[in-house]
Every structure is written in C-alpha cells, then in structure tokens.
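Shown next, in structure tokens, is the structure this report addresses.
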Amino acid sequence: MQQILLIATGGTIACRETAQGLAPVLDGAALLQELPALRAWCTVSVCDLLRLDSTDLTAGDRMQIARTVWENRARYDGFVIAHGTDTLSYTAALLHHVLREIDKPVILTGSMLPMGAPGSDAPRNLLDACRTAVSGRAGVFAVLHGKVIEGCRVIKRHSSEMDAFLSAGTPPAAAINPDGTLTWQAPPQPPGTPSLVQQIDPHVLLVKLIPDLAPSFFQALHGYPHVIIETFGAGGVPARLEDAVRGLIRSGTRVYITSQCTEGGADLHKYEVGRRAEKMGAVSLGLRTTEDALAAVMCGEL
Ligand code: ASP
C-alpha cells in the first residue's frame, strides 16, 4: 500500500469558529477522520507541523515545510500539505524552487470552507490531493477544486468562491475526473538529481507601480537587496521615474520588472518604456507569476 505523509499547517481547512473569528484548531488526524475511504488505498501518516492561518506564515515556516519533505522523502511515496489558501501560491512557488528536481509528488491543498462545515470543499480537495500524491508524478503541485496546478503557476484569483485558483499561462497540469482518476496534459519530465536549497534570502520587496507614485519613494529603498517593480502591461518605467529607478540600481539594489497582469508576463522589448527599463539595468521577470518570481529571486536564481 502507498505511504503518504500529511503535513498539517493550519488554514481554513483546519478552522473552527471562535469568539475571535475563524481560527485553525484541527490537527491532521482530525482532518483524516472525515475521509474513511482513504484507508482502502493508501496509508497516511501525520506530521502536525504548524497550526496557523497562512497569513501568519514566514519564509522560515515555509523552509520548515520544505525540510520536512526533504528529510522524509525516502520514507514516503508522496506528500500532502494542508495549507491556508491565502498564501498557498507563495508556498507552492517557494517549494517548487527549493525542492529542486524533487522525485516525489508534493501536493498542497486547502479549502474555502472548514472541514466539517456544510457544503465544504475540504473533503474533496483533501481526497484529490491524496490521489495526486499516490499518482507517482514527481513535482510540486496544488490540488484544488478538481484542478492540479504546477507549483510555479498557482494564482489565487478569488477570495470567497470555491473555484478560487487558476493556473497562470497554461491550462492546469491535470484534471481530476469524477471517478477519481487523473488526466495529465503532458508526459512527465525526465528525472533529474533532487537537491534542497538550504539558504534563501527573504529580503525581496515588491513595489506596485501606480500612475502617480512619487519619485522620492525610491530613495527610501536605496541599498535594499532586491526590489521587484510590478509595472503596467508588458512592462516599463515611466519617464518621470527614470532617474529615481536608476538611482536605486546605482545604490546596489537589484531591480526586477514584472507585470501587474495576471497572465502574459513582461516583455521589455516591446515598448520604448520597456527598453528604458532594460537599458538602466533592470531585469525582466518575463512570464513568471509574481509568486514564482519572488521564490526564484529568494533562491538566487536570477
Ligand atoms: N485565511 C485562511 C488562510 O489562508 C484562508 C484559507 O485557508 O482559505 O489560512
């Protein structure tokens, strides 16, 4: 029988209503109690790692999740991480970059309603995540609302609907059929050599460009290690901010450009405003989602 490790971290899936609002209280065993059917086709062990709303997760917590997978990878066929949906895309992207060429399925899931609440999506999502974890397909994926999304493409697009996630740039990697089987869009990648990125640099700041951002704002950032500017459309720096951004780069800050558009990415060759950014030494993040870009920069890949 296939062996899965369920890593519980909190999130709505583990929440109960308290006097202070929804708070994660359920442990991994309580989540599994709702899925008796699982016992027929896999054995699930539990690691109660964290019990937090994902708003409270830090880079250190995410690295703890990564290390738990890495240290247990020889003992299990797959991993399921029960996680809050609000920052699930950040964790998925970071795990994608930190667990390089991981040779086991690492599946993040969560839910929009708590486990046990009427009409909750939690049982379906957790069951689908376990199905994906025993599928043998290596890599980091998010499994939500019947979709299997690559870790570097996950975007939360809605704060309350059940169908809250999308796969940026390409269709989901797989769909979960009503009979529980999976249909993958593409064959698996040839296996590489797995490794764990031990150290990350969380000093990455994301600045959203707005039409009237004051040039003086950039002075406050001088010397900060990494600044990603989320610019408009295909990307570029407004003429009135040219000196300010150049000054930031000269101060030693590495500046990256991404797009505010959910899909399509940045193309700094297209417009004069984009080439201006390139000429001053800003790095294009191309097609990456913001979460993927943050993770790649934290891991020193760019
Ligand atoms: N605030 C919750 C969290 O991210 C939302 C959720 O899980 O859906 O932990």
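Read the numbers this way: they start at 1 and go in the same order the structure lists the ligands and their atoms. For the numbers below, each heavy atom of this structure counts, side chains included, while hydrogens, waters and symmetry mates do not.
- Across all their heavy atoms, Leu209 and Pro238 have their closest contact at CD2-CD, 3.8 Å.
- Listed by chain and residue number, the protein contacts of ligand 1 are Gly11, Thr12, Asp53, Ser54, Gly84, Thr85, Asp86, Ser111 (heavy atom within 4.0 angstrom).
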Chi angles and distances behind the salt bridge (charged side-chain N to carboxylate O under 4.0 Å, His left out) call for Arg131, Asp128: CA-CA 5 Å; Arg131 285 184 171 122; Asp128 285 350; 3.2 Å; yes
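- Because its NZ or CZ atom is both nearer than 6.0 Å to the ring centre of Trp70 and within 45° of the ring axis, Arg73 counts as a cation-pi partner of that residue.
- Residues Thr91 and Arg62 have side chains that bring a donor and an acceptor to within less than 3.5 angstrom of each other.
- At least one donor-acceptor pair closer than 3.5 Å links the side chain of Asn125 to the backbone N or O of His145.
- Using bins of under 30°, 30° to 60° and over 60° for the plane-to-plane angle, the ring pair His203/Tyr224 lands in the perpendicular bin.
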